[in-house]
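Order of appearance sets the numbers: ligands from 1, and atoms from 1 within every ligand. Heads up: numbering here begins at 1 and tracks the sequence.
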Amino acid sequence: MHEARDSIDQTFGLVPTMGYLHEGHLSLVRRARAENDVCVAWIFVNPTQFTPGEDFERYPRDEDRDTRLLEAEGVDILFVPSVEEIYPPGFSTVVEVRGIITEHLEGQFRPGHFRGVTTVVSKFFHIMQPDRAYFGQKDAQQVAVIKKLVRELDFGIEIVVCPTVREPDGLAMSSRNAYLERSERKAATVLYRALSAAEQLFRQGGRRGGALRTAMTNILATQPQARPDYVSVADPETLDELDLVTGRALASLAVYIGPTRLIDNVVLE
Ligand code: AMP
């Protein structure tokens with residue numbers, strides 16, 4: 001792969017995904033295709049980023065459909081490695097970004113999650129050596145962690161962040177939306193409504209982290225099927241929780257709708 005790459009002197013754009021593709025994933029693919037000579041997609045449901053008891057086994061998968069969608073988008077190379085190819089027996093290396101950035105929010109509720117992400121992403125980056133890698137704003141903390149990883153380990157890869165693609169009613173697209181039953185799917189709109197309440201307060205001049213968090217919590221409380229893990233207003237780069245917003249802020253939340261855990265965020269700026 002590397003020899004082929006060196007000899008043809010083309011730019012590579014990499015889109016790592018866990019498959020079961022939707023328009024959010026495809027927006028990354030389109031951008032990668034538009035900005036690079038070669039667009040590489042990766043489908044790998046990475047076991048090490050799931051915590052014990054999470055949905056690794058039942059995570060939705062449909063390789064045939066994903067392949068057709070990626071072909072239709074003109075993806076040049078698709079990798080669908082097996083778990084054994086990525087983690088051969090005895091594999092024991094980890095790549096970890098330490099500190100608040102990985103311990104807070106998702107890190108608090110999914111211990112070890114980001115270690116799994118940074119280990120597998122490091123491996124993708126080494127194998128593919130892309131010029132650019134494409135990630136979604138939907139997973140804002142993941143973006144912050146990967147940017148820090150790339151900076152601190154000198155990967156020399158440009159991280160391109162693409163906007164969150166939403167359903168018409170505001171629900172952020174996610175492979176896990178497939179888990180939602182009809183009434184849960186309706187209830188799930190409460191996430192974006194809560195984030196919109198924070199946006200509205202921010203537009204009206206609200207800058208206190210506490211008030212912005214309360215605005216979101218109050219909306220979530222109107223939906224009996226919603227059980228929040230966290231509601232946060234934090235620095236978008238460090239993920240430090242903010243008492244007062246003086247620049248940009250990341251309003252984010254993780255909420256169970258029935259048994260399904262959903263995350264979403266907006267940037268206040
Ligand atoms: P996943 O397959 O869920 O691991 O997601 C693969 C990539 O697609 C990640 O960079 C996600 O942030 C991104 N992604 C997932 N959902 C969306 C969405 N609704 N809009 C934009 N990007 C997304």
Exercise. Are the side chain of Ser82 and the backbone of Glu85 linked by a donor-acceptor contact shorter than 3.5 Å?
Worked result: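 At least one qualifying donor-acceptor pair exists.
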Looking at [X], which atoms of ligand 1 are within less than 4.0 Å of one of its heavy atoms?
| X | result |
| --- | --- |
| Met173 | 16 (N), 17 (C), 18 (C), 19 (N) |
| Leu28 | 7 (C), 8 (O), 10 (O), 13 (C), 22 (N) |
| Phe135 | 10 (O) |
| Thr164 | 20 (N), 21 (C) |
| Pro16 | 6 (C), 7 (C) |
| Thr17 | 2 (O), 6 (C) |

Considering heavy atoms of the protein only, find what lies nearest to [atom] and give residue, atom and distance to 0.1 Å.
| atom | result |
| --- | --- |
| atom 21 (C) of ligand 1 | Pro163 O, 3.4 Å |
| atom 10 (O) of ligand 1 | Gly136 N, 2.9 Å |
| atom 4 (O) of ligand 1 | Met18 CG, 3.5 Å |
| atom 11 (C) of ligand 1 | Asp139 OD2, 3.1 Å |
| atom 20 (N) of ligand 1 | Val165 N, 2.9 Å |

Problem set entry | Given Arg110, Gln108, Arg261, the one that forms side chain to side chain donor-acceptor pair (under 3.5 Å) with Asp229 |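 With Asp229 as partner, side chain to side chain donor-acceptor pair (under 3.5 Å) holds for just one option, Arg261.
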Determine whether [X] and [Y] make a side-chain contact, defined as any pair of heavy atoms from C-beta on separated by less than 4.5 Å.
| X | Y | result |
| --- | --- | --- |
| Leu244 | Arg208 | yes |
| Asp131 | Glu158 | no |
| Arg30 | Glu23 | yes |
| Asn46 | Tyr87 | yes |

Exercise. Does Val15 approach ligand 1 within less than 4.0 angstrom via side chain, backbone, both or neither, non-hydrogen atoms only?
Worked result: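 No part of Val15 is near ligand 1 at this cut-off.
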For this session: Please work out whether any backbone atom (N, CA, C, O) or any side-chain heavy atom from C-beta onward of His22 is under 4.0 Å from ligand 1, and answer side chain, backbone, both or neither.
Result: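 The part of His22 near ligand 1 is the side chain, not the backbone.
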Exercise. Under 3.5 Å, is there a donor-acceptor pair linking the side chains of Tyr230 and Glu106?
Worked result: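 Checked: Tyr230/Glu106 side chains pair up, N/O donor to acceptor below 3.5 Å.
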Exercise. Is there a donor in the side chain of Tyr20 and an acceptor in the side chain of Asn177, or the other way round, less than 3.5 Å apart?
Worked result: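 Absent: no donor and acceptor within the cut-off.
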Problem set entry | Winner among His25, Glu167, Gln49 once heavy atoms are compared against atom 3 (O) of ligand 1 |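 Among His25, Glu167, Gln49, the closest heavy atom to atom 3 (O) of ligand 1 belongs to His25.
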Exercise. Where does the angle between the aromatic ring planes of Phe125 and Phe155 fall among parallel (under 30°), tilted (30 to 60°) and perpendicular (over 60°)?
Worked result: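 Perpendicular.
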